[in-house]
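Written below as C-alpha cells is the structure these notes are about.
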Amino acid sequence: MSILVVKFGGSVLTSESALQRAVAEIYRYVRDAHKVIAVVSAFKGQTDQLLRLAGSYTQASVSSATPHLVATGEMRAATLLAMAAERSGIVTRFRSAYEIGLIADGEHLNANPVSIKADVLTRDLETVDLVVVPGYVAENAAGEPVLLGRGGSDLTAVYIAKALNDAGVKATARLIKDVDAVYDADPATVGDSAKPYEGLSWTEALKIAFPVVQGKAMRYAADNGLTVEVAGLAKGYQTVLGGQTAYRKTSPLKRPIRIAVMGAGGVGSKFLERCLEWSDLIEVDRILVRDASKRRDHPLAAKFTSDARNFVRNDVDVFVDIGTGVSPSAELLEGFLKAGVSVTSANKQAVAASADKLRAAAKSSGALLTYSASVGGGAPIIEALKRAAAAGHKVTSLAGVLNGTSNFVIDQVESGKSFDTAMDEARRLGFAEPDSTADLDGTDVGAKLKLLREIAFPGQSPKHIEVGQITEDSLVIPQGKGLRYVARAYPTADGLQGSMKLEVLDADHYLVGARGEQNRAIIELDTGETWYVTGKGAGAWPTSESLLADTLQIARDMPLK
Ligand code: NDP
Ligand code: HSE
C-alpha cells in the first residue's frame, strides 16, 4: 500500500466553494491507485476569527474552552471535505483526532505530537480509498484538546507520514499550497524573477521555506530524516524538501488550458460549473449544444453555439465530449484528434462505435485520446486496466458491475420499491441514459464492456457475447443471496468469452457490495494478483470528476502550444 498524506490548508480552502478543488486533487491520486489521508485545516481566515472571538471573551487569561472553539474550524472543513469526496464517489472515512489517538504535549495552543494510533489509519485504508482527518488538533495525555501551533496542520501531515513509515507502511507527506513550489523569492512581490526549486536540502529549506511551510513541521521532518513535498493543486511537479537543492528546469504553465465542450445536459452542466471553479486553470472557449438559444441565463451564455460544422478548430488544447449518441460526437472526436487536439469523452456509444478510427487519428497527430468517464463514471476501471498493461501484466479475467442505473434499481426493488418508481428515481437523479432502455437491455453495458476488453485483451474479440435483459420480472433475489447485472470477459483456449446478464451471487461477493449507483470491477492478473476497483458509476458529480481529471491530466502530459 502506498499512502499519500495530503494536507489542504486555508490558502487552498479559501471557502466552502473551494472544497471540490481539493476533491479533484484527491481523486487524481485515488485513480492512480494511491490511498490518501487528507489532513484538513480550517477555511481561510477562520482560525484567526475564532482566536479573536475566544480572545474577546477571555481577554488576557487562558480558557480551557479555547482549543475546543478553535478546533471547530478544522472540524467543519474536514467533515465537509469528507462529504464532498463521498458525493464524487470516493470511498471515504472521516476520523477525528481523538479516533486516531493523536496525542500531543506542551502548551494548549502550541503542543507537539508524541503518539498516534497509525494502525487505525492503515486498517481503514484496507477498505476505503480516503481517510479525512482534521489537522492542527490533538489531545493531551489528560484527554483535553490541544492545538499544534499556527500552521499546525503541516505538522499533523508530516507526523502521520512519519508514524506510518515507522509502522512499515510507505507514506509521503504532500503539502498543497497556493503556490506551485517553494521559490527563492515571493512571486507575489517579485513576479517572474522568482525561481522555483525542484528540491531543497533541509538546511536550505529551514532558511527559505518558512512561512510557506510551518517551521515546527520542517524541523520535525528534518530531525527524523523525512522528505516532504510542497505542491500546488493539479500540478505535475513539486518542491521536495529534504532532497538536493536545485532549481526546477521546466517552466510552469503560464496560461489556462483552453477547452471546447460538447453537451450541457445533466453531466455537462455540472462539468461546466466545475470549470468555473477552476477558472485559473481552465478556460472554456466554446460549448456545442443542440439549442444554444436556451442558454441565455447561463454564466457562460456567450460561449454556447449550435454550429457543429465549424466547431472543430485547433485553437483549443482539449475537446471534452459530453454529448449523447454516436453522431456527431464520433465525427467531432475524430476531427479534433486529427487536428492535434487531445480529447476526453463520457460518451461510450460514440467512442465504442469508432474506437479504431479514433486511435488511428490520435496516433497520426500525437494527440491524446482519453475516455475515463465513459466506463464506470467515477470508478477508475480504465485507469486500472491501463496500469496493468503498462506494468506488463496480462489480464486473465475481468468482471464488473458497469451500469449505475440498473444497480440502483436492483437495490431499490430489494428494499421494497416498485420497479417503475425505482426507474423514475434513477432518471430524476440523472443516472439514466436519455433513453433509459439502454440501461436495461445491455446497450449501455455492451459499449462499456467493449471499451474495457479492448484495453484488457487487445486484438481479441469474442465470437459471441451472451446478453441478458433486466425486466421487472427478472429481479427475483433468492433469500441470503445478491443479484447483480455482471459483465464478464475472459480468454479461453477457444478465444475470448464474454457475457453480460443478471447473476445470483453470494451476499458477501465483492460485486454485491456495489450499492446503489456504484460500479465495481474485479481484475484478475497473470501475476496471481486480483485488483478491485470501486466508485460511483453514474451521476453528474462523479462523472464530471472523471472528465475533469482527464482534462487536467492532459494538461500535465501535453506541452501546451
Ligand atoms: P443529457 O441528455 O442530459 O445531455 C446531452 C447534451 O448533449 C445536451 O446538452 C445536448 O444539447 C447535447 N447534444 C446532444 N446531441 C447533440 C447534437 N446532435 N448536437 C449538439 N449537442 C447535442 O445527457 P447526460 O448529460 O446525462 O449524458 C451525457 C453523456 O455522458 C452521455 O453520452 C452519457 O452516456 C454519458 N454519461 C452519463 C453519465 C450519467 O451519470 N448521466 C455517466 C457517465 C457517462 P441540448 O441541451 O441543447 O439538448
Ligand atoms: N446510464 C449510465 C449508468 C450512466 O447508469 O451507468 C453512466 O455511464
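First listed ligand is number 1; within each ligand, the first listed atom is number 1. Every heavy atom of this structure was used, including side-chain atoms; hydrogens, water molecules and symmetry mates were not.
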Is [X] in polar range of ligand 1, meaning some N or O pair under 3.5 Å apart?
X: Gly537; result: no
X: Gly430; result: yes
X: Gly266; result: yes
X: Ala373; result: no
X: Lys348; result: yes
X: Ser327; result: no
X: Gly539; result: yes

Going through the distances and angles, do Lys338 and Glu334 end up as a salt bridge (Lys or Arg N to Asp or Glu O under 4.0 Å)? CA-CA 6 Å; Lys338 280 186 173 163; Glu334 190 181 359; 3.2 Å; yes

Looking only at protein heavy atoms, which one is nearest to [atom], and how far off is it?
atom: atom 9 (O) of ligand 1; answer: Ala264 N, 2.8 Å
atom: atom 2 (C) of ligand 2; answer: Glu433 OE2, 3.1 Å
atom: atom 25 (O) of ligand 1; answer: Val267 N, 2.8 Å
atom: atom 32 (O) of ligand 1; answer: Gly323 O, 2.7 Å
atom: atom 7 (C) of ligand 2; answer: Gly537 O, 3.3 Å

Within a strict 4.5 Å, meaning less than it, do heavy atoms of the Arg488 and Glu503 side chains meet?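 Of all side-chain heavy-atom pairs linking Glu503 with Arg488, at least one is under 4.5 Å.
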
Given the rule in the salt bridge (Lys or Arg N to Asp or Glu O under 4.0 Å) test, do Asp129 and Arg31 qualify, once you have shown the distances and angles that lead to the verdict? CA-CA 10 Å; Asp129 291 322; Arg31 77 178 203 153; over 6 Å; no

Determine whether any heavy atom of [X] lies closer than 4.0 Å to an atom of ligand 1.
X: Arg295; answer: yes
X: Gly377; answer: no
X: Ala308; answer: no

Could you tell me whether the side chain of Ser546 and the main chain of Thr543 form a donor-acceptor pair under 3.5 Å?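 Absent.
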
Please state whether Glu517 comes within less than 4.0 angstrom of ligand 2, counting heavy atoms only.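 It does not, in that no heavy atom of Glu517 comes within the 4.0 Å cut-off of ligand 2.
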
Which atoms from ligand 1 have a heavy atom of [X] less than 4.0 Å away?
X: Gly263; answer: 6 (C), 7 (O), 9 (O), 12 (C)
X: Ala538; answer: 40 (O)
X: Met262; answer: 16 (C), 17 (C), 19 (N), 20 (C), 21 (N), 22 (C)
X: Thr543; answer: 38 (C), 40 (O), 42 (C), 43 (C), 44 (C)
X: Pro328; answer: 17 (C), 18 (N)
X: Pro434; answer: 2 (O)

Could you check whether the rings of His298 and Phe304 sit parallel, tilted or perpendicular, using 30° and 60° as the cut-offs?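 His298 and Phe304: perpendicular rings.
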
Mark yes when over 12 heavy atoms from residues, nucleotides or ligands other than Lys386 sit less than 6.0 Å from its NZ; otherwise mark no.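 Atom NZ in Lys386 is packed in, count exceeds 12.
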
Which atom of Asp178 lies closest to which atom of Val12, heavy atoms considered: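 In this case the closest contact between Asp178 and Val12 is N-CG2, 4.1 Å.
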
Ligand-residue contact atoms, ligand 2 with [X], heavy atoms, under 4.0 Å:
X: Asn403; result: 2 (C), 3 (C), 5 (O), 6 (O)
X: Asp439; result: 1 (N), 2 (C), 3 (C), 5 (O)
X: Lys348; result: 4 (C), 7 (C), 8 (O)
X: Lys448; result: 2 (C), 3 (C), 6 (O), 7 (C), 8 (O)

Report the member of Gly404, Gly377, Ala379, Pro542 with the shortest heavy-atom distance to atom 6 (O) of ligand 2.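 Ranked by closest heavy atom to atom 6 (O) of ligand 2, first place is Gly404.
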
Quick one: CG on Leu483 to CG on Leu511, what's the gap to the nearest 0.5 Å?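 Answer rounded to 0.5 Å: 12.0 Å.
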
Thr405, portion touching ligand 2 at heavy-atom distance under 4.0 Å: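 Both of them.
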
Within reach of ligand 2, part of Ala432 (heavy-atom separation under 4.0 Å):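 Answer for Ala432: backbone.
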
